[in-house]
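Numbering starts at 1 and runs along the sequence shown. Computed from a predicted model, the values in this text were never measured in an experiment.
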Amino acid sequence: TFWPKHKPSSTPAGCSIPTLVMFAVLFATYLMSCQAARDTASASGIEPWKRAYCTAFKNTIQVQDKRDSQRVFNRFVKTTDEECEAIIQAREAECVQYDNDPRSEKFKKMDFQGCVKYRESVSTIITELQTTVSNNLGQAAHACEEAMFLVCKNTLCPTWLALSEEPQADCDTLCSDAGSNLWAPKVWDCESMEDWNECIDSHWDSEGKQVKFAEVPESNTAIVALMREQLLKCICVSRTKNNNFCYTDNPSNRVKLQRGEKWCQYDRTSKWKTLKEADQEKYQQLFQPECDEFPFQIEE
C-alpha cells in the first residue's frame, strides 16, 4: 500500500499520513492490549473478556514450506469462538468445585490453582477493558504532520536547493513527494487479508532468492530523512507533558534534541551534516526554521 501524496486541505483530521503511520508502528503493542481483544470480540460475537482470556491459548498447525517440500514448520493460530467457550466452561466448572469445597482457602488454592489464576486473569482483563485509551499520540501526529510540511516548504526545500547541486524544483511538489515516502523505502505488496506467511513466501523464487519489492516513487532521500527525524521528534515532545526523555544534555548525542532545541531545528542527519559543513556561513543564513515548539498541547 502506498501512502497518498500529502494535500493539507484534503487530509481528514482523523486520518493523516503520520497518524496512520504511527498507529501502524504501534500496532504490535496494540495487538497485545485488551483494546485489540475488544475489537476482535465485537466482530466475532464472543464477549470481549472471553476473547482476551483465550488469546493465551493458541493451536499449533503444521505448514509445508513452499520452497522446500521436505520442510514443515509450526504456525500458531488463535482459538475459534467454540474452542474459547469450551476453555471458559472448563475453568468455570473447576471454580464450581472450588466454591463447593468445604476446606479452608489455604488448602483449596493449592488444589484449584487453575480456578484461582483464571479468576485473577479475568478480573485484570475486565479492568483493562474498562480503561479509556488516550488519543494524544494520534492528535500529536496529525498536528506535527501539518507543521512538518510547512517547515519543509519554507526552510528545508529552499535550503537544500540553494546549497546542493540538484536542479531547482517546486517546493510544494518536492515536500509532498518526500512526505508521501517517509515510511516507504520498500514495500511488501500483500493482498488485503492475505496470510502474512503466504505473502512472505510469495516474495521468494523456487531457488530461494528474494524477488524485488514493489516499486516506490522516487523522492529526495536527504529531505525524506530529515523530515522523518523532525516529525518523530515533534511527536515525541508533543504527545505527553512529561517529555524529558526527548532531550539530552550530552552535546555529542546526535539523535536526541538538545535541551532548548526545537524539533524543527534538528539537522543532524548525515547528508544535512555534509551540506552544512560545505558552506557553514551560507547554511546558517538559509537554515532558520520557524515552528511551534509543541504543535499539539495536552489539555487538562
Side-chain angles (χ1 to χ4, degrees), residues 3-13 15-22 25 136-164 166 168-185 217 219-240 243 246-248 254-298:
W3 296 112
K5 291 188 177 181
H6 176 74
K7 297 180 180 179
S9 61
S10 62
T11 305
C15 196
S16 58
I17 295 170
T19 301
L20 291 174
V21 169
M22 292 309 295
V25 171
N136 291 337
L137 175 61
Q139 294 184 70
H142 176 69
C144 288
E145 175 203 38
E146 299 296 334
M148 172 196 68
F149 276 94
L150 288 176
V151 171
C152 177
K153 184 174 67 173
N154 297 332
T155 303
L156 303 191
C157 175
T159 301
W160 180 263
L161 293 179
L163 297 179
S164 69
E166 293 189 11
Q168 296 299 302
D170 175 69
C171 283
D172 281 338
T173 302
L174 190 151
C175 292
S176 179
D177 289 343
S180 65
N181 288 294
L182 287 185
W183 316 97
S219 58
N220 186 304
T221 56
I223 291 182
V224 166
L226 186 55
M227 288 176 71
R228 182 165 53 236
E229 288 298 322
Q230 289 189 348
L231 173 63
L232 291 175
K233 286 164 177 56
C234 176
I235 294 173
C236 183
V237 301
S238 300
R239 70 182 180 88
T240 178
N243 58 14
C246 302
Y247 300 92
T248 181
R254 298 178 61 249
V255 178
K256 289 189 174 184
L257 291 172
Q258 296 295 317
R259 195 74 58 184
E261 181 183 30
K262 292 183 178 181
W263 60 269
C264 63
Q265 296 171 329
Y266 180 88
D267 63 350
R268 293 183 289 282
T269 55
S270 58
K271 289 188 177 181
W272 281 82
K273 182 174 180 289
T274 301
L275 188 74
K276 177 166 55 177
E277 292 175 347
D279 191 337
Q280 294 191 20
E281 182 178 354
K282 190 172 183 180
Y283 181 86
Q284 293 300 331
Q285 294 175 355
L286 292 168
F287 190 81
Q288 297 184 18
E290 296 182 359
C291 62
D292 290 333
E293 188 172 7
F294 311 111
F296 169 71
Q297 295 189 9
I298 300 174

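- Taking CH2 of Trp263 as the reference point, atom OG of Ser238 lies at 8.5 Å (rounded to 0.5 Å).
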Can you check side chain to side chain contact (heavy atoms under 4.5 Å, CB included) on Leu156 and Phe149, steps first, answer last?
CA-CA 9 Å; Leu156 303 191; Phe149 276 94; over 6 Å; no
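- If you take NZ on Lys276 and OG1 on Thr159, they are separated by 11.5 Å, rounding to the nearest 0.5 Å.
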So Trp272 and Tyr266, side chain to side chain contact (heavy atoms under 4.5 Å, CB included) or not? Walk me through it.
CA-CA 10 Å; Trp272 281 82; Tyr266 180 88; over 6 Å; no
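- No side-chain heavy atom of Leu275 sits less than 4.5 Å from a side-chain heavy atom of Lys271.
- Atom-to-atom distance recorded for Leu231:CG and Glu145:CD is 8.0 Å, nearest 0.5 angstrom.
- Remark: Lys256 pairs with no residue by the salt bridge (charged side-chain N to carboxylate O under 4.0 Å, His left out) rule, at least two apart or across chains.
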Start with the C-alpha distance between Met148 and Leu182, add both sets of side-chain angles, then the distance that settles side chain to side chain contact (heavy atoms under 4.5 Å, CB included), and finish with yes or no.
CA-CA 12 Å; Met148 172 196 68; Leu182 287 185; 3.8 Å; yes
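- Closest approach of Ala178 and Ile223 over heavy atoms only: CB-CG2, 4.0 Å.
- In this structure the side chain of Leu174 never reaches within 4.5 angstrom of the side chain of Trp160, judged on heavy atoms.
- Expressed to the nearest 0.5 Å, how far OH of Tyr247 lies from SG of Cys236 amounts to 8.0 Å.
- Using a 4.5 Å heavy-atom threshold, the side chains of Leu257 and Thr248 count as separate.
- Sulfur-to-sulfur, Cys152 and Cys171 sit at least 2.5 Å apart at their SG atoms.
- Remark: Lys233 does not engage Glu261 in a salt bridge, criterion side-chain N to carboxylate O under 4.0 Å.
- Judged purely by atom type and a 3.5 angstrom limit, Arg239 has no side-chain atom pairing as donor or acceptor with the backbone of Ala140.
- Between Asn136 and Thr240 there is no side-chain heavy-atom pair separated by less than 4.5 Å.
- One distance of note links CG of Leu286 with CD of Glu281; it measures 11.0 Å at 0.5 Å rounding.
- Here the straight-line distance linking atom CG of Asp170 with atom CG of Leu161 works out to 9.5 Å at 0.5 Å rounding.
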Do any side-chain atoms of residues 287-297 form donor-acceptor pairs under 3.5 angstrom with protein atoms, and if so which ones, sequence neighbours left out?
residue	atom	partner	partner atom	Å
Gln288	NE2	Gln284	O	3.2
Gln288	NE2	Gln285	O	3.3

